[in-house]
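Within every chain, numbering begins at 1; the chains are lettered A, B, ... in the order of the sequence lines, protein sequences first and strands thereafter. These figures come from a predicted structure and were not determined experimentally.
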Amino acid sequence: MDKVYDHKKVEERIYKDWEEKGYFSPEINPNGKPYSIILPPPNANAPLHFGHAMYVIEDILIRYHRMKGCKTLWLPGADHAGFETQFVFEKKLQEEGKSRFDYDRETLYKMIWDFVQGNRPIMEDQLRRLGFSLDWTRKKFTLDEDIKKIVYETFKKLYNDGFLYRDKRLVNYCTHDGTSFSDLEVIYKEKDASLYFIKYPLARGKGFITVATTRPETMLGDTAVAVNPKDKRYKELIGKFLSLPFTERQIPVVEDSAVDMEFGTGAVKITPAHDFNDFELAKRHNLQMVQVIGFDGKMNKKAGMFVGMYAKAARKAVIEEMKKKGLVEKINENYVHRIGLCYKCKNPIEPLPLEQWFVKMRPLASSAIKAIKDNKIKFYPQRHKKTILQFLENIKDWNISRQIAWGIRIPAWSCQDCKNWIVTKEEKPKQCKCGSGILKQDTDTFDTWFSSSQWPFATLMTNKKEDLKSFYPNSVMETMYDILLFWVARMIMVGIYKTGNIPFREVVLHGMVKDPLGKKMSKSKGNVVDPLEIVDKYGADAVRFALVYGTAFGNDQSLSFPKLQAMRNFTNKLWNIGRFIEMQFSLEYFKEKNLSFYSKEMDKNLLKEDQAIINATNQLIKKTTSSIDSYRFHDSAAQLYEFIWHKLADIYVEQIKERLKNGDENALIVLRHVWIMSLKLLHPFMPFITEELWNKIPRITKTELIISKWPK
RNA sequence: GGAUCCAUAGCUCAGUUGGUUAGAGCGUUCGCUUGACGUGCGAAAGGUCAGAGGUUCGAAUCCUCUUGGAUCCACCA
């Protein structure tokens with residue numbers, strides 16, 4: 001054996017061997033109790049970043065359960081990541097001086113498809129290099145034909161059950177990216193703004209009402225002014241009409257208790273087409289909706305003299321014109337308020353009225369809430385339970401239409417004659433109820449999360465015959481806490497809805513891996529780290545161990561080079577313990593002997609120091625097992641590290657050196673036993689080096705460590 | 001506005017149901033080392049456990065408040 005451990009000579013070879021022998025497949029333990037995890041499918045639009053290395057938690061659970069004899073499945077896949085991917089691709093196009101408008105839908109789709117296919121092998125190689133024991137024979141992609149079929153079916157089922165409706169409502173629309181978003185995809189930021197106090201004259205008689213607004217450019221879309229019914233200042237004016245400047249229209253003064261008397265003047269302009277609250281208020285009062293901003297972000301022809309201006313420019317222009325009319329009372333320029341931004345391009349989100357497919361969430365959420373409250377689904381760390389319940393209890397309907405090409409096209413057709421919608425499971429309907437054969441498919445695609453919400457069962461329904469039966473519900477869903485609401489919550493809702501059963505029993509959530517300075521890694525900051533770069537330098541085992549060691553599971557951590565180095569040193573320590581043991585077995589007086597294996601019966605012949613290490617080993621077995629079972633991986637890691645380095649190597653090995661020189665068989669038998677146990681316990685965390693060292697010791701079985709039995 | 005998390009050695013972090021002189025890695029200081037490993041070994045220095053109050057025989061650990069930092073949700077013109 002070399003004096004220093006060289007992971008490069010070991011890792012690739014061992015992984016290949018495991019994979020070729022089929023050890024990653026559940027068929028290895030066909031009669032065991034099923035244990036399953038579906039890998040959160042990484043986005044297929046880019047290579048993995050360092051945070052993905054946290055999948056190691058799943059690999060630990062998988063390897064542990066495999067060794068415990070479970071019929072263990074860890075199923076890999078990739079997510080087409082609709083909008084995210086199209087965004088990345090469009091950036092690429094931009095660099096080439098092109099844009100999505102240069103291509104028709106099919107061509108664009110094909111180009112992105114090819115782009116994604118180029119990325120997938122890179123991603124898969126990265127996962128292999130990290131040692132993840134994924135069952136590659138079962139890998140799935142969200143755009144596989146059979147997966148798409150299931151997504152269509154779910155859509156159709158929602159439609160048949162009345163949980164799906166198409167409605168023209170305000171949606172969060174990014175005029176820059178040209179698509180709508182769900183509420184979760186809007187981020188809010190504080191911005192300096194102005195609060196404009198503008199006057200609307202009474203249609204008859206003298207006088208006016210002053211309203212306060214941050215968005216005067218929407219005033220041409222106003223269809224009312226609202227006041228609080230308790231507000232004495234406006235009591236006389238309720239029911240009267242105001243002349244809306246720049247237009248021929250007269251708008252009523254309405255009363256609504258949602259109006260805050262304290263804010264501004266107590267009177268609010270109501271723009272149903274461009275503000276969520278106004279939209280709701282308008283429904284209550286049967287007000288019409290006038291859209292003045294288009295989907296291109298520009299004022300449309302309803303905006304009269306302001307047509308063609310971008311909303312922001314129109315704001316200034318409107319105020320200028322209002323000033324000319326003497327209708328600006330004052331402007332508060334030190335007004336700070338929050339505005340919604342597109343989470344991706346950071347441009348302001350424009351609430352716009354658009355026909356979309358919405359899923360009624362209340363009924364779906366209520367069964368999810370029940371499952372969680374009844375502890376059918378458990379959360380680790382527990383604190384996340386409260387967050388998800390809060391979300392589910394206040395859920396709003398889910399807009400699942402996206403105006404992008406990359407994704408699963410919505411299987412719905414509108415009749416061009418009677419305007420009816422027909423939903424199918426994929427195929428184009430022959431004709432409408434009205435007899436018309438002129439049908440046009442919805443041009444929108446599904447929100448990516450709509451398909452990924454079905455991942456826990458879709459992947460199993462489209463694999464080997466018995467998979468769904470064996471592995472659903474999944475044992476564990478492990479992912480980062482940042483997609484708890486986006487993904488985990490929706491998987492629970494859709495999973496229960498579609499299958500009648502929870503999608504998984506336990507939700508295990510790891511923390512974020514930040515850069516060495518504690519900043520969130522992101523492409524725009526340029527501080528992302530390629531996991532392979534780190535694996536090349538320190539070895540996969542060290543990287544894996546560093547991610548579990550020293551930070552309480554579930555907490556955020558920063559990438560730490562000193563820690564990586566320390567863990568690499570640990571692998572070298574392991575290597576040298578192994579080397580030392582190998583050397584003993586090749587000593588002349590041990591070489592030819594067929595040394596027996598440690599058993600409890602030996603205890604009475606053992607020295608105190610032998611007994612001490614045996615006892616410590618037994619304790620380690622218990623502690624490692626229980627800490628993995630309770631998802632306290634950092635405890636396991638610390639215990640293993642402490643035991644192997646500071647008890648086994650520093651103390652016991654030193655204690656018995658003399659005895660080994662004198663040919664003391666018991667010492668070597670105990671040493672070998674403790675070493676075998678150590679390698680087993682450490683294997684889920686550091687699979688490569690433990691497997692390699694396992695192969696260097698004389699032992700009872702010929703089987704590889706990966707499929708050896710977990711000690712009791 | 002609602003919720004959650006964090007504040008422990010110079011740095012990065014452990015310390016689960018409250019219990020002996022509060023731990024690790026890195027760093028620092030001193031020494032050792034030539035057949036397991038210098039990616040090593042032995043030892044040492046270093047902490048009013050953010051602050052205040054409370055519960056308790058006993059609190060880093062539980063409760064309240066304050067300060068400072070992070071995050072999530074909702075979103076008032």
Side-chain angles (χ1 to χ4, degrees), chain A residues 1-5 183-184 186-188 190 193 195-197 211-216 218 222 225-226 258-271 274-278 281 335 337-340 381-391 393-396 481-482 484-485 511-512 514 516-520 538-539 542 546 549-584 587 626-627 630-632 634-635 637-639 641-642 645-646 649-651 653-654 657 660-661:
Chain A
M1 281 170 79
D2 296 341
K3 206 167 163 183
V4 170
Y5 175 55
D183 295 334
L184 285 174
V186 181
I187 55 169
Y188 288 87
E190 294 219 322
L195 187 61
Y196 303 91
F197 290 74
V211 296
T213 180
T214 53
R215 303 203 58 191
T218 64
D222 286 2
V225 164
V259 178
D260 181 358
M261 287 160 57
E262 307 292 317
F263 188 92
T265 61
V268 201
K269 65 191 262 317
I270 300 301
T271 323
H274 299 295
D275 182 280
F276 288 99
N277 291 303
D278 294 0
L281 189 144
Y335 184 70
H337 80 146
R338 295 165 105 75
I339 60 165
Q382 253 228 321
R383 64 182 114 102
H384 298 294
K385 182 173 169 176
K386 202 168 178 176
T387 313
I388 195 169
L389 279 174
Q390 228 165 31
F391 170 72
E393 275 157 4
N394 298 301
I395 201 155
K396 289 193 201 157
Y481 61 76
D482 66 333
L484 178 67
L485 306 181
M512 193 189 304
K514 303 181 178 181
L517 299 173
K519 296 259 180 283
K520 189 172 173 174
Y538 298 96
Y549 183 94
T551 304
F553 179 74
N555 288 356
D556 292 350
Q557 62 177 310
S558 299
L559 176 61
S560 157
F561 292 103
K563 188 152 108 181
L564 284 163
Q565 207 159 21
M567 295 310 143
R568 193 255 265 121
N569 293 355
F570 182 46
T571 57
N572 194 55
K573 190 66 178 178
L574 290 164
W575 183 255
N576 277 287
I577 299 170
R579 192 155 87 101
F580 177 77
I581 294 172
E582 193 199 39
M583 287 168 90
Q584 306 313 310
L587 288 174
S626 73
S627 53
S630 51
Y631 306 110
R632 298 183 57 85
H634 57 293
D635 280 348
Q639 286 149 8
Y641 181 95
E642 158 70 19
W645 198 320
H646 300 303
D650 288 351
I651 298 176
V653 168
E654 293 305 323
K657 271 185 178 168
L660 291 172
K661 274 185 199 160

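As the counterpart of B/C37, no nucleotide is assigned, since no Watson-Crick or G-U wobble pattern has both distances under 3.5 Å. In this structure, B/A60 forms no base pair with any nucleotide, since neither Watson-Crick nor G-U wobble geometry is met with both distances under 3.5 Å. Base pairing of B/A43: its partner is B/U29, meeting the Watson-Crick or G-U wobble criterion (both donor-acceptor distances under 3.5 Å). The pairing partner recorded for B/G23 is B/C13, the criterion being a Watson-Crick or G-U wobble arrangement whose two distances lie under 3.5 angstrom. With a 3.5 Å ceiling on both atom-pair distances, B/C76 lacks any Watson-Crick or G-U wobble partner. Summarising the base pairing, B/A7 is matched to B/U67 through a Watson-Crick or G-U wobble pair whose two defining distances lie under 3.5 Å.
OP1 and OP2 of B/U71 both lie 4.0 Å or more from every side-chain N or O belonging to A/His384. Taking 4.0 angstrom as the limit, A/Lys386 places none of its side-chain polar atoms (N or O) nearer than this to OP1 or OP2 of B/C72. Neither OP1 nor OP2 of B/A14 sits under 4.0 Å from any side-chain N or O of A/Lys563. For B/G25, neither phosphate oxygen OP1 nor OP2 lies less than 4.0 angstrom from any side-chain nitrogen or oxygen of A/Trp645. Dashed line: the shortest gap from a side-chain N or O of A/Arg579 to OP1 or OP2 of B/C37 is under 4.0 Å. An OP1 or OP2 oxygen of B/A74 is reached within less than 4.0 angstrom by no side-chain nitrogen or oxygen of A/Asn394. The phosphate of B/G15 (OP1 or OP2) has a side-chain N or O of A/His634 nearer than 4.0 angstrom. One finds a side-chain N or O of A/Asn569 lying less than 4.0 angstrom from the OP1 or OP2 phosphate oxygen of B/G40.
Between A/Ile395 and A/Gln390 there is no side-chain heavy-atom pair separated by less than 4.5 Å.
Side-chain to base pairing of A/Lys519 with B/A70: no donor and acceptor N or O lie closer than 3.5 Å to each other. No N or O donor and acceptor, one from the side chain of A/Glu642 and one from the base of B/A14, sit under 3.5 Å apart. Counting distance only, with no hydrogens placed and no angle test, the side-chain atoms of A/Lys573 and the base atoms of B/C37 include a donor-acceptor pair under 3.5 Å.
B/G68 and B/U29 have their P atoms separated by 38 Å, with the value rounded to a whole Å. With P as the reference atom, B/U12 and B/U4 are 27 Å apart, rounded to whole Å. Taking atom P on both nucleotides, B/A24 is separated from B/G15 by 15 Å, rounded to a whole Å. Nucleotides B/U16 and B/C5 are separated by 16 Å at their P atoms, to the nearest Å. Taking the C1' atom of each, B/A36 and B/U20 are spaced 37 Å apart, rounded to whole Å. Across B/C62 and B/U17, the matching C1' atoms stand 11 Å from one another, rounded to whole Å. Of the C1' atoms belonging to B/U48 and B/A44, the separation is 23 Å, rounded to the nearest Å. On the C1' atoms, B/G51 is 16 Å away from B/C6, given to the nearest whole Å.
Proximity note for A/Ala566 (side chain, C-beta onward) versus B/G2, B/G25, B/A36: the nearest is B/G25. Candidate nucleotides B/C37, B/C26, B/C75 were compared by shortest atom distance to the side chain of A/Lys3, and B/C37 ranks first. With distances taken from any side-chain atom of A/Met583 to the nucleotides B/A3, B/C5, B/A36, the minimum falls on B/A36. Here the nucleotide nearest the side chain of A/His646, chosen from B/G25, B/A36, B/A74, is B/G25. With B/U39, B/A36, B/G15 as the choices, the nucleotide that has an atom nearest any side-chain atom of A/Arg632 turns out to be B/G15. Taking the side chain of A/Leu485 as heavy atoms from C-beta on, and the options B/G25, B/U4, B/C73, the nearest nucleotide is B/C73. Residue A/Asp650 has its side chain nearest to B/G42 when only B/C75, B/G25, B/G42 are considered. Considering only side-chain atoms of A/Asn572, the nucleotide from B/C41, B/C37, B/A24 that sits closest is B/C37. Comparing atom distances between the A/Glu654 side chain and each of B/C76, B/U39, B/C37 picks out B/C37 as nearest. Among the nucleotides B/C72, B/A14, B/A36, the one closest to any side-chain atom of A/Val653 is B/A36.
A donor-acceptor pair under 3.5 Å links the side-chain atoms of A/Lys563 to the main chain of A/Tyr549, judged by distance alone. A/Asp275 places a side-chain N or O within donor-acceptor distance of the main-chain N or O of A/Asp278, the cut-off being under 3.5 Å. Using a distance-only test at 3.5 Å, with no hydrogens or angles considered, a donor-acceptor pair links the side chain of A/Asp556 to the main chain of A/Met512. In this structure a side-chain-to-backbone donor-acceptor pair under 3.5 Å is missing from A/Asn555 to A/Thr551.
If you check every strand for non-hydrogen atoms under 4.0 Å, A/Ala552 touches sugar and phosphate atoms only. Here A/Arg338 lies in heavy-atom contact (under 4.0 Å) with a base. At the heavy-atom level, A/Ala258 lies nowhere under 4.0 Å from the strands shown. Note on A/Ile270: nothing from the nucleic acid sits closer than 4.0 angstrom, heavy atoms only.
For A/Ile339 and B/A74, the CD1 to P distance is 17 Å, given to the nearest whole Å. Rounded to an integer number of Å, the gap from CG of A/Asp2 to C1' of B/C37 is 13 Å. Atom C1' of nucleotide B/A3 and atom OH of A/Tyr481 are separated by 15 Å, given to the nearest angstrom. The interatomic distance linking A/Gln639 (CD) with B/G15 (P) rounds to 12 Å, in whole Å. Following rounding to the nearest Å, A/Asp482 (CG) and B/C73 (C1') show an atom-to-atom distance of 15 Å. One atom, CD1 of A/Ile388, and another, P of B/U4, lie 16 Å apart when rounded to the nearest Å.
Taking NE2 of A/His646 as the reference point, atom NZ of A/Lys573 lies at 9.0 Å (rounded to 0.5 Å).
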Worksheet entry | Trace of the side-chain hydrogen bond (donor to acceptor under 3.5 Å, both in side chains) decision for A/Lys269 with A/Thr271 | CA-CA 6 Å; A/Lys269 65 191 262 317; A/Thr271 323; 3.0 Å; yes
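Qualifying salt bridge (Lys or Arg N to Asp or Glu O under 4.0 Å) partners for A/Glu654, counting only residues two or more places apart in sequence or in other chains: A/Lys657.
Positionally, the nearest nucleotide of RNA chain B for A/Asn555 lies more toward the 5' end than for the other of A/Glu262 and A/Asn555. Each of A/Thr387 and A/Asp275 has a nearest nucleotide on RNA chain B; the 5'-most of these lies closest to A/Thr387.
In summary, of the residues considered (A/Phe570, A/Trp575, A/Tyr538), a ring pair (Phe, Tyr, Trp, His ring centres under 6.0 Å) with A/Tyr5 occurs for A/Trp575 alone.
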